[in-house]
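First up is the structure itself, then whatever we jot down about it.
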Amino acid sequence: MSDTEKKVIIVDGQEIPLEGEKNILEVARKANIDIPTFCYHSDLSVYGACRMCLVEVEGRGLMPSCSTPPEPGMVIRTNTARVLEARKMIVELYLANHDRDCTVCERNLNCRLQEMASRMGITKVRFGERTEKLPKDESTFSLVRDPNRCILCGDCVRACREIEGIGIYDFTHRGAKAQVEPAFGKKLAEVECVYCGQCAIRCPTAALVVKSELDAAWKAVLDPEKFVVAQIAPAVRVAIGEAFGLPPGEITTGKIVAALKKIGFDRVYDTSFSADLVVVEEAEEFFRRLQSNSRLPQFTSCCPSWVVFAERNYPFYLEHLSSVRSPQQVFGSVIRNFVSKMENVPNERLVSVSIMPCVAKKFEARRAEYVHDGIPDVDLVLSAQETIKMIKMANIDFRELDPIPFDVPLSAGSGAGVLFGVTGGVTEAVLRYAYERLTGKELKEVEFKAVRGFESVREAEVDFDGRPVRVAIVHGLAHAQRLIQEVREGKRSYDFIEVMNCPGGCIGGGGMPLGYPDYQMVLKKRAEGLYNADRLSPVRKAQDNPAVKLIYERWLKHPGSELAERYLHTHYYSRRRISDEVIRIQEAKSARKVDVAVCVGTSCYLRGSYNILQKLLKMAKEYGVEDRISVGATFCLERCAKGPNIRVNEEIVSGVGEENLKEIFENIILPKLEEVYEA
Amino acid sequence: MKFTTRKELEEYTALLRERENPKRILVCMGTGCLAKGAEAVYEKFVEVLGAKSLSASVVFEKEEKSSFPLCPTGCMGICETGPRVRIEPQGIQYLRVRPDDVEEIVERTVEKGEVVYRLVQQEATNGQVRYWPLMRDDPFYRKQIRLVLRNCGSINPENLDEYLARDGYLALAKVLTEMTPDDVIGEIMKSGLRGRGGGGFPTGRKWQLARMVRANQKYVVCNGDEGDPGAFMNRCLMEGDPHSVIEGLAIAGYAIGASEGYIYVRAEYPLAVKRLRKAIQDAYAAGLLGENIFGSGFSFNVHIKEGAGAFVCGEETALIASIEGKRGMPNPRPPYPAQKGLWGKPTVINNVETLANVPIIILKGAEWFRSFGTTTSPGTKTFALTGKVKNTGLVEVPMGITLRELIFEVGGGIQGDKRFKAVQIGGPSGGCLPEAYLDLPVDYDSLCGAGAIMGSGGLVVLDEDTCIVEVARFFMSFTQSESCGKCVPCREGTKHMLSILQKIVDGRATLEDLELLEETALVVKDASLCGLGKTAPNPVLTTLRYFRDEYIDHVVHKVCPARVCQAMREFWIDPDKCRTCGKCARVCPVACISGRPKVPYVIDQTKCIKCGSCFEACPFDAIVVRWRRKDNE
Amino acid sequence: MEKPEQGVALSRSFEKVNAILEKHGYNPSNLIGILQEIQEEYRYLPEEILTYVATALRVSPAYVYGVATFYAQFSLKPKGKHIIRVCDGTACHVKGSEKVLKAIREYLGLRDGEQTTGDLLFTVETVACIGACALAPVIAVDNRVYGPMDEEKVRHVLEALERGDEVS
Ligand SMILES: Cc1cc2nc3c(=O)[nH]c(=O)nc-3n(C[C@H](O)[C@H](O)[C@H](O)COP(=O)(O)O)c2cc1C
Ligand code: SF4
Ligand code: SF4
Ligand code: SF4
Ligand code: SF4
Ligand code: SF4
Ligand code: SF4
Ligand code: SF4
Ligand code: SF4
Ligand code: FES
Ligand code: FES
Ligand code: FES
Ligand code: FES
């Protein structure tokens, strides 16, 4: 029993010590034994369905290594005839149900299914071709879903449910008819998707991919008439190198600038610069709120997924979101309104392209608020993945490129701005600004270690001129939802909350290169990369950024100015799911009637709208007018903060309660009834 | 009556026994007999007895001489011959009783004790008719030993007193007052009881594993999903003797330290749900469930969960998911339910029949139980005997009985005296055994060795008219449509296996297809996530093992020896009969019939798709159907 | 199905949905029971109601839809007044259930892929084992079991149902 004492298992003849790993797979990977997987992600729950990770455990047969806990003394082989035969047949079965036109596939040469087909040496699929062709979903700006390439690994289901707490997809039907799809087979644009791409980044095939804007980007750069300006988001610089054999986290800013210039971009700027502007504006906004003690906690607003999620689910918190636009949109505005003048290029000729880690930014760029006279502030959004393709397409040897700096005069982004790419970064950047601004003292130790790290929620208390300010940082919307719930229940209280949709922040964005197999390690390396970039930066605070000073001097005057308000801030709208469908409950018999609809959307429902509905029906009867009042139930009337709401004909009445229903009935509903009667 | 101590229950039991009326009219009201009109028969009895002022529906009123209690029961076993009626104390049994027969039964049998022979089970051999008026003589029952079914068909399942009169809940009382949980587990271990849900896992061991896990909450679940098509033993038990299941569940709860129990019943069993609900309600009212039972400090609640039509929910982890309100998709094991089950808590899942065995083992002891069956598979097993056998129905036999005894003695042999071909045991997870295995003893290990499994007890007898490939295709289509779709070997593998089998029965398959079928079957068996996929290839693998020739006939010779597969026919036009009307040619969907007026029409055999349209269309019966034969025949 | 009728059906039962949710304590683990009761009420699971149920139980609509499409019992399309379930379990299959099914579908004039008659009077489904295998082949109409069936007998049952009679 010496094995047991030493706590080791034997994998392919190699003794590997157990160090608290939850499954055989992790143990084997530690020893660089590359067991293939489709459905295992260390940050998601174990699913055990893809069967790629089967290994032979002595005395127990084939077991999935991803879900089998290692027991000391286990003897495991990952490549016996039995394992290989099964795995080969499994891949063959996958392929038989797969639209496998690899050559024209978005994931060609970057696909785990394709890789397995190659590794298993499959040259023939004996089960034939997939016969069923399901329509592709291209309804959003961010993602394309092709069910014909889905292998039902469920990674997207769990990513959206567990990381985002949204649950857009689920398995539907069963057996050979099983599918992964949104509710009722709807398109992504018709459901509550926040376009973050966390699902796509975990998808092993091209069933979920980032919607490509490559063609449009090429068209722009190749058009001599166009003046193409690019901005590069912080997170991108530590990831693009991964696709060219550089280690994750290696800073390749200068190489990216060089590549883009070679491709034909006329100007290349750093989104860190606009992040610095965001810091200044957002901090000033925060001070104003602190002073008036209103609209606190203040939520950050640079993550479009979080913003749209809030618009749908926390309409009552919209006033708490910082009104400052995201760095992408701030730069978009700067490009349209400042750079165009500076460069003397009319906006019709100027194409504004942003290079982002993010797929939600594609959606953000098309928000109505950011399109003026038909011209969007940001025309095209390229994810890091697309940018990599563009570089490859241009025959550029990325590794050998000599770095070149960003274009002047907006060249500088501070280290603080760079931190926007990692969770906690916005907070840290704001703190660096706020400290000096409030105390008037120089900040010596610029690194706020308390806000760094990957724990789902991190909090810190900072002394601002004698006022303790409590900040919280959360990433992943599932954690954010839990945190906000606790805030609403009064279990926690903060003045400032940073919310990022993606785990790790934008370094884990849905448009980044896929970090397979050890995604967590990749994220850590990327974060380190950004912290290094900050450390190496000559300017580490937004307020010290000369370009920021320049913009205020030459254009915006001062933070929070009317101009800044107009060009750097925005508004939010409640976007609750609207269903026109009124569920009819009582039908008026008379044509001379009043229509009353009671909101049973989540917010109103929780505030007791169903009781109101009942009471209303009763009241109509009491007043003997049940024949003349149609009563229905409807989803969200868009005034959740003031709910419960009802709609009487076209008029929305808010703040309806059981106690004041009688009053409302007599003063609003009955008079309307009289009106129609008199008419 | 609400029992607060064991003594109260025992006294009440004694009282019931003393007052029990040995006379009784038992009318089967199981699903089978109800379908055959048992309700009308029952009502007629009420009417006739009432008119004669004979009736008093009081089972426990011995004194009243005139009383002749009428008792609706659960399944008596041979549902096909329902509605069934039995007159006690003699045990005279009648079959296919119509309301019109009731008056005669009351007048002659109930009042005078005579037998109405026309309603009795009979058998004609060599022109000699033999009657089996008494249950104990009936060959159907003779080899049976009814432990689990002890009350089924003999008591009114909706009357708690009748269960109590037969020592009901005394086992629970014994357990709660004089045994520790470890004693209970010890006794069940000693009894050698193995799970009747299919796997045959030792029940005592399962309980012990769950007992050992520390947790603030544990659960016991009774698996009444019985999704195996062709099996209905659990339904009969739940309908016919629901209290025995509930009592077993409560004992299991006590043994592992669970205060909550669930009974998961499949959606297709509304009557079982109704009876279980009634039984649970009565048990609560009598203090046999609920808080502090018999003052022992043990509390136990039972909930019913109805399935919604998914075979895979019989699998333990899928069943748990289903109870939790999710899609019934299995999860990898480990962790086992005993470690992490319902809502993440240690959970024991047992089959209905397993649990119904528990009370008698506790009352009569492990030694007694071991006197039935074999050493490794003690006790009895219920089977749903169906298919082409004479006596179809519910039977209970000691383990180790041979298939031959089961099919030819209990089952009375093959219908229409055809030839026995195979028996399918264990449903879609089981296997097809040929004649050579008729003397195989029926126990867990022997069946396993032969490539079949005990399963839950479905036993379908196939005769010479059954095409074995078609049967394999049928099971595949079942598992294929019941696969949950979670893991690829099962989801995709069964789909392709089915399509190959379809190709074979359609006469389109090649030897490569057959090879691929076998290869796929082995991987599906080896690599699937749950029991459904792991066993789905069994029917194919066993038929390939025992009936490979028949596959070859289909694949190579395009011949179906059982004359089932329609594609293996040939249509010929008899030139002598053909009047050249041309009708056949007009209906043929592939236009493979040609001819001219005055020249008999001919079918191009290479193009014909055997649709049969021409055959039906010909007004002169000139088209003949022939089953293809092997060239050498 | 025509819109107005659907509207009426919905209005009648929306209240019921709340009562059902209430009864199940708004507990997502009772989802299957909730859906069963809703289906009992509407004879199918309308999309609006499922969305509403998801909101009330605080689960995603996709989750509810996933459950509703997993279990054979649930239907997202309206079902007929009488539900005829034809058993195609092993015992029934070997005793000729396919012929019975064919006879029923022919009698009702159902085209390929159709389950419900145009007048919404009948829905025909196949199920695996009703548990009355000894009477194979078996059908169940609105939970009443009939067996053994053949082409002739099944027609008799259908005729009686059309007349609105109790069949024995
Ligand atoms: C696909 C599948 C279906 C099953 N169906 C049933 C069933 O209907 N009833 C049952 O008791 N066990 C069924 N089982 C076995 C159960 O998973 C489980 O082993 C059993 O309920 C344990 O009880 P036992 O130990 O008392 O046999 C099924 C297993 C599988 C894999
Ligand atoms: S998803 Fe992968 S395997 Fe499928 S077509 Fe694309 S590259 Fe090929
Ligand atoms: S890999 Fe093969 S199929 Fe694909 S492009 Fe090359 S040669 Fe053609
Ligand atoms: S993009 Fe984000 S919200 Fe949308 S489905 Fe994917 S993970 Fe869910
Ligand atoms: S879409 Fe992608 S991630 Fe989702 S189940 Fe299909 S293959 Fe897996
Ligand atoms: S965290 Fe960053 S990458 Fe992710 S959605 Fe938000 S902005 Fe985009
Ligand atoms: S074996 Fe079949 S039923 Fe079991 S998990 Fe896999 S797909 Fe589902
Ligand atoms: S059986 Fe069908 S295909 Fe063949 S000849 Fe007759 S009508 Fe034509
Ligand atoms: S229908 Fe009959 S009689 Fe007429 S042509 Fe055809 S085979 Fe001859
Ligand atoms: S990775 Fe283990 S089953 Fe998918
Ligand atoms: S839920 Fe938004 S207004 Fe009612
Ligand atoms: S139902 Fe009456 S004998 Fe089985
Ligand atoms: S197989 Fe038809 S009722 Fe069981």
Side-chain angles (χ1 to χ4, degrees), chain A residues 22-24 38-40 45-54 56 60-71 82-98 113 124-128 130-131 151-154 157 170-180, chain B residues 309-313 317-318 321 326-336 339-340 476-500 503 510 512-513 515-530 532-534 536:
Chain A
K22 289 207 180 66
N23 50 56
I24 295 173
F38 287 144
C39 73
Y40 180 76
S45 60
V46 169
Y47 189 55
C50 76
R51 316 310 280 172
M52 290 305 293
C53 70
L54 290 175
E56 198 168 336
R60 285 166 79 176
L62 295 188
M63 305 281 287
S65 58
C66 69
S67 64
T68 308
E71 289 162 20
R82 191 170 163 195
V83 171
L84 291 178
E85 253 159 49
R87 195 175 289 153
K88 192 169 174 190
M89 169 73 79
I90 287 168
V91 174
E92 199 176 336
L93 286 168
Y94 275 121
L95 292 175
N97 192 35
H98 185 86
L113 179 59
K124 192 174 162 200
V125 176
R126 289 166 295 172
F127 302 108
R130 181 185 168 95
T131 44
I151 58 166
L152 287 106
C153 65
V157 176
D170 213 319
F171 290 87
T172 65
H173 306 95
R174 70 174 186 218
K177 294 202 187 80
Q179 273 200 61
V180 165
Chain B
F311 170 65
V312 67
C313 286
T317 56
K326 301 179 186 153
R327 288 166 62 84
M329 301 209 284
N331 283 308
R333 300 181 307 175
Y336 292 94
Q339 308 162 306
K340 246 178 131 190
M476 214 60 228
S477 87
F478 176 82
T479 33
Q480 198 278 137
S481 69
E482 292 297 332
S483 155
C484 83
K486 178 168 177 172
C487 71
V488 71
C490 168
R491 177 180 73 233
E492 301 296 334
T494 57
K495 181 175 90 184
H496 293 295
M497 285 172 68
L498 175 62
S499 84
I500 298 174
K503 254 169 117 177
T510 61
E512 279 101 82
D513 287 322
E515 211 173 283
L516 183 59
L517 176 68
E518 202 160 3
E519 199 184 310
T520 314
L522 290 169
V523 171
V524 173
K525 192 177 166 79
D526 213 13
S528 288
L529 193 163
C530 85
L532 190 146
K534 282 185 197 300

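Chain letters run A, B, ... following the sequence lines, proteins first and then strands; every chain starts at 1.
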To the nearest 0.5 Å, what is the distance between [atom1] on [X] and [atom2] on [Y]?
X        : Y        : atom1 : atom2 : value
A/Cys50  : B/Lys486 : SG    : NZ    : 11.0 Å
A/Met89  : B/Asp526 : CE    : CG    : 11.5 Å
A/Phe171 : B/Arg327 : CZ    : CZ    : 7.5 Å

Next on the checklist: Strictly distance-based, threshold 3.5 Å: is any side-chain N or O of A/Arg51 a donor or acceptor partner for the main-chain N or O of B/Ser528?
Outcome noted: yes

Checklist entry - Within the distance-only criterion (no hydrogens, no angle test), does the side chain of B/Arg491 pair as donor or acceptor with the backbone N or O of A/Ala178 below 3.5 angstrom? => result no

Checklist outcome for this item: Most heavy-atom pairs under 4.5 Å with chain A, out of B/His496, B/Gln480, B/Glu482, B/Lys495, belong to B/His496

Checklist entry - NZ of B/Lys534: more than 12 outside heavy atoms within 6.0 angstrom? => result yes

Checklist entry - Which atom pair, heavy atoms only, marks the closest approach of B/Ala310 to A/Arg174? => result CB-NH1, 3.4 Å

Next on the checklist: Please find the pair of heavy atoms, one from A/Tyr47 and one from B/Leu529, that lie closest to each other, and give the distance.
Outcome noted: O-CD1, 4.4 Å

Next on the checklist: Using heavy-atom distances under 4.5 Å, tell me whether A/Leu93 contacts chain B through its side chain, its backbone, both, or neither.
Outcome noted: both

Checklist outcome for this item: Turns out that what part of A/Met52 lies under 4.5 Å from chain B's heavy atoms comes down to neither

Next on the checklist: Between A/Arg126 and B/Glu519, does any NZ, NE, NH1 or NH2 come within less than 4.0 Å of an OD or OE carboxylate oxygen?
Outcome noted: yes

Checklist outcome for this item: Partner of B/Glu492 under side-chain contact (heavy atoms from CB on, under 4.5 Å), picked from A/Ile90, A/Leu95, A/Ile151, A/Asn97, is A/Asn97

